[in-house]
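What follows is a single structure, written as structure tokens, with notes after it.
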Amino acid sequence: MISGTPLSLYNTLTRTKEAFTPLDPDNVRMYVCGPTVYDFAHIGNARPVIVFDLLFRLLRHVYGADKVTYVRNITDVDDKINARALRDFPDLPLNEAIRRVTEKTESQFLSDVAALGTLEPTVQPRATDNIAEMQALIADLIAREHAYNANGEVLFAVDSMADYGQLSGRNLEDNLAGARIAIDAHKKNPADFVLWKQSAENEPGWDSPWGRGRPGWHIECSAMSERYLGQTFDIHGGGLDLIFPHHENEIAQSRCAHGTEVMAKVWMHNGFLQVEGQKMSKSLGNFVTINDLLQTGAMGGHAWHGEVLRLAMLMTHYREPIDFSVKRLEEAESKLRDWQRAARGAETGEADEPDASVLRELADDLNFHRASVALDLIAKKANRDEGHARQCLAATLQFLGFSLDSLLTSDEGWEEPPHIAAAIADRLAALNAKDFAKADTIRKDLAEQGIALMDYKDEAGARQTKWEIKR
RNA sequence: GGCCACGUGGCGGAGUGGUUACGCAGCGGAUUGCAAAUCCGUGUACUCCGGUUCAAUUCCGGACGUGGCCUCCA
């Protein structure tokens, strides 16, 4: 362990916080459920992306940047995708229509997510590139008598697994009590779920020993995690809502196919999100996509920087519910600006280490909020010019996925317009001549261009001016 | 009906069996030609009802409230 930081993570499987020990410190392996690419990702989708990016960064720091494998899948086979393809491209052949939908949505997702300050996962496999692996897994399950063929569907037999339901803490009787499971005559147990289903002519399908069809929802993650991470790996993450049935069924498939006791050692789940105190839904009209926030005034009347969204998301512990609101975004924005102001002028290099106290807080089940308190303290020291606080703050911000000037200068390709420097020089000359009227005029002109000027005195006591973009 | 979270001061949000969380906003002060930025100081809290305890916001039980899952929704 490079930094000697002991990690402790909350494990849904045991409902406790546990010391984390990787199976192989030279290859720490994490799988996170990624998007189904049929529509813009909403801000709820952004939460696991951001949370597990933070964990990825922490793991890379602790075990080494090249010793962590992070897999986030792209689900590009799904009935919602089919429906969208038929709706949007009714005149194209189905496969072509589907390809259009998934390619467009995937690239949109990747650019949205990049704006949130996230690193790219090591591998981002697509379901459609892993059909053969899924079929092999299903064949194994049938061979081991954990799956059966009925009515043209291959189903997983939950009764064949003694400890099915371990992750979600529910037993099969509980599920039946709800009486909301469709009783299908062809299922041996109503809780049995589909591994492979037949496709009609107008549905995408692949040839298989069980006829032309397509995979069930859960099997892709079992197949892809095995392919890239092995039969047993360290961490599996996703949203709270995936615990049941998705993750429960992934576990059932993988363990039964491989005859293993464990699929992933640690299961981590982020909490849900509301918008302005209400459940996010299209019918309530408060459905907000990442892209809306980055590009439009859908929330708060103007677009928000991706790093502001990142901070707004991390301000609350990942397992707690979040109420996503304009007020929260404003608070995140002013906090990030405070940090960037305090870090300004820092000279950073590759050797700069993130702050130890920040790392310590993050190592405690990703307690970002306590880490941010530590960051506030460093920022305060930086503002007082204490020691290496400024460098430390800058390095820590970058480690956490924030840039050093995104809120102080303009977004992309920003270069300081020469007239700003000239105007500042003119104004300083005016000030030294005690021509305050002229100085104020210059400041007002720049303010109208969105540039805020701030006077201060340098170490020699001479008057200086700095500037930043104001909103 | 079953299972699972959560309920902290104006807001955000940690944490703890007894001692200031912290941040934002507010207020007071310093600094400043003015302003901004920055620094210093400062008030308000733990949903309700029982129980355990010398002591509970923190443990236990219950109530109420909010949200999630049991419907291929992160």
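Letters A, B, ... are given to chains in the order of the sequence lines, protein chains preceding strands, and every chain is numbered from 1.
Here B:rU66 is the nucleotide among B:rA74, B:rU66, B:rC34 with the atom lying nearest to any side-chain atom of A:Gln274. You'll find that the side chain of A:Pro245 is closest to B:rC70, out of B:rC70, B:rG33, B:rC22.
A straight line from NZ of A:Lys335 to C1' of B:rC11 spans 14 Å, rounded to a whole angstrom. Here B:rU8 presents its P atom at 10 Å from CD of A:Glu320, a figure rounded to the nearest Å.
Here B:rG1 sits opposite B:rC70 as a Watson-Crick or G-U wobble pair (both hydrogen-bonding atom distances under 3.5 Å). Base pairing of B:rA37: no nucleotide in any strand meets the Watson-Crick or G-U wobble criterion (both distances under 3.5 Å). Pair assignment for B:rG26: B:rU42, on the basis of Watson-Crick or G-U wobble contacts that are both within less than 3.5 Å. Taking a pair to require two hydrogen-bonding distances under 3.5 Å in either a Watson-Crick or a G-U wobble arrangement, B:rU53 remains unpaired. Across all strands shown, the partner of B:rA63 is B:rU47, judged by Watson-Crick or G-U wobble contacts whose two distances both fall under 3.5 Å. Nucleotide B:rU31: unpaired (no Watson-Crick or G-U wobble partner with both distances less than 3.5 Å). Here B:rU19 sits opposite no nucleotide as a Watson-Crick or G-U wobble pair (both hydrogen-bonding atom distances under 3.5 Å).
Residue contacts shown for A:Arg344 are absent, as no nucleic acid heavy atom lies under 4.0 Å away.
If you check the side chains of A:His186 and A:Glu153, you find a donor sitting under 3.5 Å from an acceptor. Under 3.5 Å, the side chains of A:Tyr164 and A:Asp159 contain no donor-acceptor pair of N or O atoms. A:Asp365 and A:Tyr318 share a side-chain donor-acceptor pair at under 3.5 Å.
Dashed line: the shortest gap from a side-chain N or O of A:Arg370 to OP1 or OP2 of B:rG23 is not under 4.0 Å. Within the 4.0 Å cut-off from OP1 or OP2 of B:rC24, not a single side-chain nitrogen or oxygen of A:Ser334 is found. For B:rG15, one of the phosphate oxygens OP1 or OP2 lies less than 4.0 angstrom from a side-chain nitrogen or oxygen of A:Asn367.
Judged by atom type and distance alone, A:His269 does not reach the base of B:rA74 through any side-chain donor-acceptor pair under 3.5 Å. Judged by distance alone with a 3.5 Å cut-off, a donor-acceptor contact links the side chain of A:Arg443 to the base of B:rC34.
When each of A:Thr316, A:Val51, A:Leu311 is tested with A:Phe368 by the rule side-chain contact (heavy atoms from CB on, under 4.5 Å), just one qualifies, namely A:Leu311.
With both ends at atom P, the span from B:rC6 to B:rG15 equals 11 Å, rounded to whole Å. Across B:rA56 and B:rU19, the matching P atoms stand 11 Å from one another, rounded to whole Å.
The pair A:Asp445-A:Arg427 fails the salt-bridge criterion, with no side-chain N (NZ, NE, NH1 or NH2) lying under 4.0 Å from an Asp/Glu carboxylate O.
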I need a per-nucleotide contact map over nucleotides 36-41 of chain B, read 5' to 3'. Cutoff is protein heavy atoms under 4.0 Å; write B for the base, S for backbone only, - otherwise. BSSSS-

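Residues that satisfy the salt bridge (Lys or Arg N to Asp or Glu O under 4.0 Å) test with A:Asp355, not counting sequence neighbours, are absent from this structure. With sequence neighbours left out, the salt bridge (Lys or Arg N to Asp or Glu O under 4.0 Å) criterion links A:Glu307 to no other residue.
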